[in-house]
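Here is how names work: the chains are called A, B, and so on, in the same order as the sequence lines, proteins then strands, and each is numbered from 1.
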Amino acid sequence: MALELDFEKPIIEIEKRIKDLKAISDAGHVDLTEEIALLSSKIEPLKKEIYSNLEPWQVARLARHIDRPSTLEYVKHICGDDFVEMHGDRLFRDDPAIVGGIGVIDGRSVMIVGHQKGCDTQSNIYRNFGMPHPEGYRKALRLMRLAEQFNMPIITFIDTPGAFPGIGAEERGQSEAIAKNLAEMSAIRVPIMCFITGEGGSGGALALGVGDKVFMFEFSIYSVISAEGCAAILWNDPNKAKEAASALKFKSTDLLKAGIIDEILTEPVGGAHRDHKTAAEEIKKCILKYLPSLIAVSADNLIEERYNKFRRIGKFAGEEEQENG
Amino acid sequence: MGWFDKLRSKTAKSQENQLKQEIPPQKTSDLWKKCPGCGETILTKDLVRNLFLCIKCDYHMRMPVWDRVALLADDNSFVEFNQELKSADPLNFVDSKPYPQRIEEAIKKTDAFDAAMTGYVQIEGIKAILGVMNFEFMGGSMGSVVGEKLTDALERGASEKLPVVIVATSGGARMQEGILSLMQMAKTSAAVKKLNTAKVPFISILTDPTTGGVSASFASLGDFNIAEPNALICFAGPRVIEQTIRQKLPEGFQKAKFLLEHGMLDCIVHRRTLKKQVGKILHILNNGR
C-alpha cells in the first residue's frame with residue numbers, strides 16, 4: 001500500500017495483524033486458523049462501516065488515491081489486447097496527460113479517451129499528474145471526430161485535478177481548447193458515455209464530460225473547483241478545505257440528486273484502489289447495459305437529447321412555486 | 001421549462017413597448033477612481049463622460065453594464081429579456097456569509113438581478129442580440145442565471161437568425177452554485193454550436209477581465225473574437241500560475257496583445273471605435289449570408 005489514508009488505518013491494521021498471524025501459522029509453530037478467521041470476519045463489516053460514512057473531504061482523498069486505477073488500466077481490463085493507442089493532436093505535440101485510442105468491447109469497436117495519471121512520482125511527472133495542456137484536449141477532439149467518421153461510440157474516462165495552469169498552456173489557448181471540446185462534443189453524432197473514475201476537476205474534467213450518459217464511481221468527485229482552491233478564495237484560508245469540501249457538495253450522491261449524473265457505479269468494498277479488476281468490470285457491465293440502446297437512437301435524436309440534457313441544468317428563484325402552479 | 005416561458009412572456013409583455021435606454025443613476029459612492037494603468041485619480045463623473053477611459057493614459061477601465069449597453073446600442077434600441085430571472089441557492093451555500101445574502105447585496109449594489117443582461121438591440125442599424133456581463137455583480141461570475149440568459153440569447157439568435165454579440169467580463173464560474181455553475185460552461189458552449197450550425201454570426205467581445213469558466217466556454221468561441229486593449233484574458237489567473245510553477249511571469253502575460261500574438265483573437269479594438277467596428281463586422285458577415 002503506497003498511501004495510507006488516516007480513516008483507512010483500522011482496516012490496514014487488522015490486515016497487517018492477519019498477515020503476521022498467517023506468517024506465524026505458516027511457519028508451523030502454532031495453529032492460528034481460528035484467530036485469523038475471527039479477524040477476517042471483522043474486516044468486511046468494518047470496511048462497510050468506514051466507507052459508508054465518509055466525510056466529503058475523505059471522499060476527495062479517496063478519489064485522488066494514487067493507487068486508484070487509471071484510464072490505461074481500465075482499458076487493459078476492459079479491452080484486453082484489443083486496443084491500439086493513438087497519439088498527438090497533429091498540431092503541436094502528444095500530451096501524456098490524456099490518452100486515447102481505438103478498442104473493442106464485447107465485439108463492438110469503440111473510441112476510448114481519458115485523462116491519465118501516473119501511479120508513482122516518476123510516472124506522475126511524465127503524465128503531469130493528469131493535468132492536460134491544450135494539445136491534450138485537441139488530441140481528444142481529434143479522436144472523437146475520428147470516432148464520428150467511423151461511426152464508433154465514444155467512451156471517456158475522467159480523472160484530473162484540472163487543466164494545467166502554466167505559461168505554455170495559456171500561450172497555446174487552454175481556454176479555447178476546453179471551450180471547443182464543450183461545443184463540439186455537444187453535437188458529435190455518435191453515442192458518448194462518460195465515466196468519472198476519480199477526480200472530476202472543473203473545466204479540465206468537463207472538457208471530456210459532455211456525453212449522453214454520465215456515470216460516477218461511488219468515491220469519485222466532480223466539482224467546479226477543488227476544496228483547497230475554494231477555501232483559499234472564499235474563506236481566504238486554505239486550511240478551511242474541509243468546510244469547503246462539505247459546502248461544494250461534490251460527492252456522487254450529491255450529483256445524482258442534482259440530476260448531473262445518470263447513475264452511481266458501486267466500487268469494490270474499500271474503494272476502487274483495492275481491487276482494480278472488479279472496478280473495471282463494473283464499468284464494462286455499465287457500457288454493455290446502456291450502449292445498445294444509445295446506438296439504437298438516430299444521430300439527430302441523440303444530439304438533440306444530449307443538448308437538452310445539459311440545456312436543462314440550472315436552478316432559479318421561484319422555480320418550485322412556478323412548477324407546481 | 002414551462003415556468004420559464006411564462007416568466008419570459010410576462011417580462012416580454014411588460015417591456016416590449018417600453019424601450020429601455022434611461023440609464024439608472026450610477027450607484028457608486030466613490031466620487032473618485034484610481035487608474036490601474038498610471039495611478040491617476042479621476043473624478044467618476046469625468047470617467048463616465050470619457051467612456052471609462054483614463055483621461056491621462058487612455059487605459060481601458062472596467063465599464064458598468066449600462067454604460068456598455070449605451071456604448072454599443074443604437075439610441076433606444078435595447079429591449080431586455082429575462083430581466084427578472086434570479087438565482088436560487090441550490091447548495092445552501094455558506095462561506096463567510098450565506099449565498100442568498102451575497103445575492104441580495106449584489107442586487108442592491110448593481111440594480112441588476114444577476115451578472116448578465118441580455119436583450120434585442122440594433123447596432124449601427126443592424127438588428128442583433130446583445131449580452132453584456134456585469135463585473136460588479138459578484139465578479140461577473142457565471143451561475144445558473146448567467147448561463148440561462150446567455151444560452152437563451154444564443155438560442156434566440158439561432159432561431160430568429162439574429163447575430164449575437166456578447167461582451168464578456170467575469171472571474172469565472174460561480175463557486176456558490178457548485179457543479180451547476182460548471183455545467184453552464186457546457187450549456188452555453190453547446191448553444192454557441194447551435195448558433196454556428198444555424199450559420200448565424202457570433203461576436204465575442206472579451207473585456208477586462210475574462211477568465212476561468214467564462215474564458216473556457218462561450219467567450220472563446222466567437223466567429224470573431226475581439227478584445228479591448230489591456231484586457232486580462234486567461235484560463236488560470238496569473239497568481240495561480242505563479243504559485244504552481246514558482247516563477248515570475250513575463251511582462252504583458254495574458255493581456256490582450258499577448259493573446260492576439262498567440263492567435264487567440266482576431267483583433268484588439270479601442271473602446272471609442274468598438275461600436276463602429278462591430279457594426280462593420282456584422283454588416284460584412286450579414287452580406288455574406
Side-chain angles (χ1 to χ4, degrees), chain A residues 162-167 169-187 202-203 205-207 209-210 222-225 229-230 233-236 240 243-244 247-250 254-255 258 260 306-307 310-323 325, chain B residues 1-4 6-7 85-88 90-91 93-96 144-145 147-148 151 173-187 189-194 196-197 212-213 215-221 233-237 240-241 244-245 249-250 253-254 258 262-264:
Chain A
F164 186 62
I167 293 180
E170 294 289 325
E171 286 176 335
R172 299 194 289 280
Q174 189 73 285
S175 287
E176 193 272 347
I178 293 171
K180 184 67 130 219
N181 276 21
L182 301 179
E184 295 301 316
M185 282 183 88
S186 77
S202 195
L206 181 63
V210 183
Y222 198 6
S223 182
V224 67
I225 187 169
C230 183
I233 296 171
L234 288 186
W235 276 263
N236 247 325
K240 298 273 187 203
E243 283 88 334
L248 283 167
K249 302 211 166 58
F250 54 42
D254 302 319
L255 274 96
I260 305 296
R306 190 184 307 146
Y307 184 88
F310 287 85
R311 176 70 185 83
R312 276 192 293 269
I313 299 174
K315 285 259 178 271
F316 311 100
E319 200 171 20
E320 269 7 18
E321 301 91 88
Q322 298 259 8
E323 264 179 358
Chain B
M1 299 307 291
W3 69 272
F4 185 65
K6 262 183 257 167
L7 187 70
L85 200 56
K86 216 178 128 186
S87 194
L91 306 188
F93 198 97
V94 182
D95 47 270
S96 58
S144 296
V145 172
E148 179 66 35
T151 300
R174 187 173 294 168
M175 286 174 275
Q176 289 87 348
E177 290 183 34
I179 195 75
L180 295 182
S181 299
L182 185 69
M183 293 300 143
Q184 304 309 311
M185 292 171 63
K187 178 166 150 177
S189 300
V192 173
K193 179 72 186 175
K194 198 164 226 188
N196 298 156
T197 309
S215 152
S217 63
F218 66 89
S220 289
L221 294 172
I233 302 161
C234 59
F235 174 67
V240 173
I241 296 178
T244 309
I245 62 171
L249 297 172
F253 183 63
Q254 300 178 320
F258 172 93
H262 285 88
M264 300 302 148

* Check against side chain to side chain contact (heavy atoms under 4.5 Å, CB included), A:Glu184 and B:Lys193 -> CA-CA 7 Å; A:Glu184 295 301 316; B:Lys193 179 72 186 175; 3.1 Å; yes
* Structure fact -> One option among A:Ala183, A:Cys230, A:Ala205, A:Ser186 has the most heavy-atom pairs under 4.5 Å with chain B, and it is A:Ala183
* For A:Phe250, is it the side chain, the backbone, both, or neither that has a heavy atom closer than 4.5 Å to a heavy atom of chain B? -> neither
* Heavy-atom contact with chain B under 4.5 Å, split by part of A:Ser223 -> backbone
* Contact class of A:Ala163 relative to chain B, heavy atoms under 4.5 angstrom -> both
* Structure fact -> Separation between CE (B:Met183) and CG (A:Leu255), nearest 0.5 Å, reads 7.0 Å
* **Most chain A-contacting option - heavy-atom pairs closer than 4.5 Å, from B:Gly212, B:Ala173, B:Ala191** => B:Ala191
* Does A:Lys315 offer a backbone N or O that forms a donor-acceptor pair with the side chain of B:Ser144 under 3.5 Å? -> yes
* Asked: Hey, does A:Val224 have a side-chain heavy atom less than 4.5 Å from the side chain of B:Leu180?
  -> no
* What residue, out of A:Leu206, A:Leu234, A:Ile225, has the most heavy-atom pairs lying under 4.5 Å from chain B? -> A:Leu234
* Asked: Less than 4.0 Å between a side-chain N and a carboxylate O, is that true for A:Arg311 and B:Glu148?
  -> yes
* What's the shortest heavy-atom distance between B:Val94 and A:Trp235, and which atoms? -> O-CZ2, 3.6 Å
